[in-house]
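A short write-up of the structure that comes next.
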Amino acid sequence: MEFSFSEDQNELRRSARRFLEVASSEERVRSAMRTERGYDPTTWAQLSGELAWTALTIPEAYGGLEMSYLDLHPLMEETGRALLCAPFLSTIGLGANALLLGGSEAQKERHLPGIAAGETRATLAFAERNNRMDAVGVEATYAPSGSGYLLRGNKSYVLDGHTADLMIVAARSKRSAGTEGVSLFLVPGSAEGVKRTWLPSMDQTRRLASVDLSDVLVSGDTLLGDEGRGWELCERTLDRARIALAAEQVGAAEMCLEMSVEYAKVRRQFGRPIGSFQAIKHKCADMLTMIESARSAAFYASALVAQDGDGLEEAASGAKAYCSDAFFHCAAETIQIHGGIGFTWEHPAHLYFKRAKATENLFGSPAFHRERVAVQMGL
């Protein structure tokens, strides 16, 4: 396995950085944060239209570019670096992956072209107020109703759920327990009986929502995958989203390091740059070591997806746990290096710190994923 990006992948990174330096500047990020939608429709139209980012990993048969998950990796790093405010991770990491892994041919033909074109924003509604990351946490229910299904319950912490055109909802049959009996359903965001509410959270650069399902009737062809075996599909989808998120965390951590180094060069104390003091330069050196280790873990996991390799569950959890720790450490150190100014609303350091804390728990905390790796090891 070659542990380096190809020239095409590096060019994708360079073009993404050029675009995001303007489209996701600090000013535009703060502007998007002030809206309930949480993103700029013009920016979304550009990245999904002329740049075709939403088409990247979707097969050509459905209007995509049919590139690999490893091609997506540098792009995710750049979106993290720029704190992109857009339903990109939810649509590509969750919605598209669920359809690609479990959708029928008819379902793929119906939904994937819209996702590739940026016309359909999709997400996965799996978590609930109990905040569990396993099948036991699924309490929303479904029951047969005529030729379709009736959904009831509440989903919470749904990534971009308040603006998604398509939600993939996890629900269980009423008499089931554990991993058995959980199914996934394709639910339009505008379906009758669906009430979506934006959940204000610490990280204002990314939107979460609660989704109330009040006797939502869906047709039989909205069942995604096999009935009663939806949790397995949900986990496989989440692993791919975790890997994309890990890459995003690496890019954001790297930006924290760059801000710290730049500030350490210009801020002076006792007649010399603070970067000349051992305490500061060792902090920066430790940050760099963690970032490169995190990048290796995320790169390996992305390569496993691209090559359909074994051990994906362990690699996804390992990457998510380590990259979460690395990003949070770097974001916290950035504030320490900047001193008092790093705590202020005017400085971007606090935006990265809040994103780091929020992504630490998104799709499972580091502790959850370490336990998951330990189980894979037979412990």
Side-chain angles (χ1 to χ4, degrees), residues 5-58 64-65 67 71-93 115-121 159-160 163 203-207 244-245 247-263 265-266 291 295 327 330-331 334 338 341-342 344-356 358-359:
F5 293 106
S6 68
E7 182 53 36
D8 287 343
Q9 290 163 347
N10 284 325
E11 180 54 36
L12 177 61
R13 180 194 299 278
R14 288 189 288 267
S15 67
R17 185 170 299 186
R18 288 193 297 268
F19 171 72
L20 292 170
E21 282 175 349
V22 176
S24 190
S25 64
E26 183 184 346
E27 180 183 0
R28 292 201 178 184
V29 168
R30 291 181 182 273
S31 177
M33 286 165 49
R34 291 192 289 268
T35 67
E36 183 173 335
R37 182 192 300 110
Y39 70 94
D40 175 22
T42 301
T43 300
W44 177 256
Q46 289 176 307
L47 69 85
S48 60
E50 58 192 79
L51 296 177
W53 289 1
T54 49
L56 199 70
T57 58
I58 293 176
L65 299 178
M67 298 173 73
D71 294 313
L72 178 67
H73 187 110
L75 184 56
M76 292 307 305
E77 285 193 11
E78 292 304 312
T79 63
R81 176 188 177 89
L83 293 181
L84 175 65
C85 300
F88 187 65
L89 176 62
S90 56
T91 298
I92 298 304
I115 290 176
E119 298 167 356
T120 301
R121 294 171 296 276
L159 192 58
D160 299 308
T163 57
D203 177 18
Q204 298 176 54
T205 67
R206 174 164 278 154
R207 291 292 187 262
L245 177 59
E248 179 193 284
Q249 290 173 313
V250 170
E254 187 173 56
M255 187 61 180
C256 288
L257 174 60
E258 291 183 15
M259 286 194 298
S260 298
V261 170
E262 182 62 30
Y263 185 76
K265 289 178 179 178
V266 299
I291 290 166
R295 175 173 283 123
F327 182 19
C330 291
T334 297
H338 280 80
I341 193 175
T344 65
W345 179 258
E346 291 77 18
H347 199 276
H350 78 96
L351 299 179
Y352 286 87
F353 183 80
K354 291 174 181 176
R355 172 71 75 93
T359 58

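Every heavy atom of this structure was used, including side-chain atoms; hydrogens, water molecules and symmetry mates were not.
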Checklist entry - So, do L257 and I291 sit near enough that their side-chain heavy atoms are less than 4.5 Å apart? => result yes
Checklist entry - Does R355 pair with D203 as a salt bridge, N-O distance under 4.0 Å? => result yes
Next on the checklist: Any non-hydrogen side-chain atom of E254 less than 4.5 Å from a side-chain atom of R295?
Outcome noted: yes
Checklist entry - Could you give the distance from CG (L47) to CZ (F19), rounded to the nearest 0.5 Å? => result 5.5 Å
Next on the checklist: A side-chain contact here means heavy atoms from C-beta on lying under 4.5 Å apart; do L84 and E248 qualify?
Outcome noted: no
Checklist entry - Are T205 and C85 side-chain neighbours, meaning at least one heavy-atom pair lies under 4.5 Å? => result yes
Checklist entry - So do the side chains of M76 and L89 get within less than 4.5 Å of each other, counting heavy atoms only? => result yes
Checklist entry - What pair of heavy atoms forms the shortest contact from T334 to S260, and how long is it? => result OG1-OG, 3.1 Å
Next on the checklist: What I'd like to find out is whether the side chain of P87 reaches to under 4.5 Å of the side chain of Y39, using heavy atoms alone.
Outcome noted: yes
Checklist outcome for this item: When rounded to the nearest 0.5 Å, the distance separating OG1 of T163 from CZ of R121 is 6.0 Å
Checklist entry - Roughly how far, to the nearest 0.5 Å, is the CG atom of L12 from the CE atom of M67? => result 6.0 Å
Item to check | Heavy-atom closest pair, residues L75 and A16 | outcome: CD1-CB, 3.6 Å
Checklist outcome for this item: Of all heavy-atom pairs linking A252 and G80, the shortest is CB-O, 3.4 Å
Checklist entry - Can you tell me if CD on E7 sees more than 12 non-hydrogen neighbours from other groups inside 6.0 Å? => result yes
Next on the checklist: Using only atom types and a distance under 3.5 Å, with no angle test, would you say the side chain of H347 pairs donor to acceptor with the backbone of I341?
Outcome noted: no
Checklist entry - Can you tell me if Q9 uses its side chain to pair, donor with acceptor, with the backbone of S6 under 3.5 Å? => result yes
Next on the checklist: Tell me the closest heavy-atom pair linking A82 and S24, and the distance in Å.
Outcome noted: O-OG, 2.8 Å
Checklist outcome for this item: Rounded to the nearest 0.5 Å, the OG1 atom of T79 sits from the CG atom of L83 at a distance of 9.5 Å
Next on the checklist: Please identify which of these residues, F353, Y263, Y352, meets the ring pair (Phe, Tyr, Trp, His ring centres under 6.0 Å) condition with H338.
Outcome noted: Y263
Item to check | Basic-acidic side-chain contact under 4.0 Å: R14, E21 | outcome: no
Next on the checklist: Check for me whether R37 meets the cation-pi criterion with W44, that is, NZ or CZ under 6.0 Å from the six-membered ring centre and within 45 degrees of the ring axis.
Outcome noted: no
Item to check | salt_bridge(E36, R207) N-O dist < 4.0 Å | outcome: no
Next on the checklist: How long is the straight-line distance from CG of L351 back to CD of E26, given to the nearest 0.5 Å?
Outcome noted: 6.5 Å
Next on the checklist: Taking the basic N atoms (NZ, or NE/NH1/NH2) and the acidic carboxylate oxygens, is any pair closer than 4.0 Å for R81 and E258?
Outcome noted: yes
Checklist entry - Is the shortest side-chain N to carboxylate O distance from E262 to K265 below 4.0 Å? => result no
Item to check | Distance (rounded to the nearest 0.5 Å) between T42 OG1 and R28 CZ | outcome: 8.0 Å
Checklist outcome for this item: When every non-hydrogen atom of C256 is compared with those of A331, the smallest separation belongs to SG-CA, 3.9 Å
Checklist entry - Under 3.5 Å, is there a donor-acceptor pair between the side chain of T91 and the main chain of F88? => result no
Checklist entry - Heavy atoms, side chains only, cut-off 4.5 Å: are N10 and R13 in contact? => result yes
Checklist entry - Do I92 and L56 come close enough that some side-chain heavy atom pair is under 4.5 Å? => result no
Checklist entry - Looking at R30 and E346, does any basic side-chain N land under 4.0 Å from a carboxylate oxygen? => result no
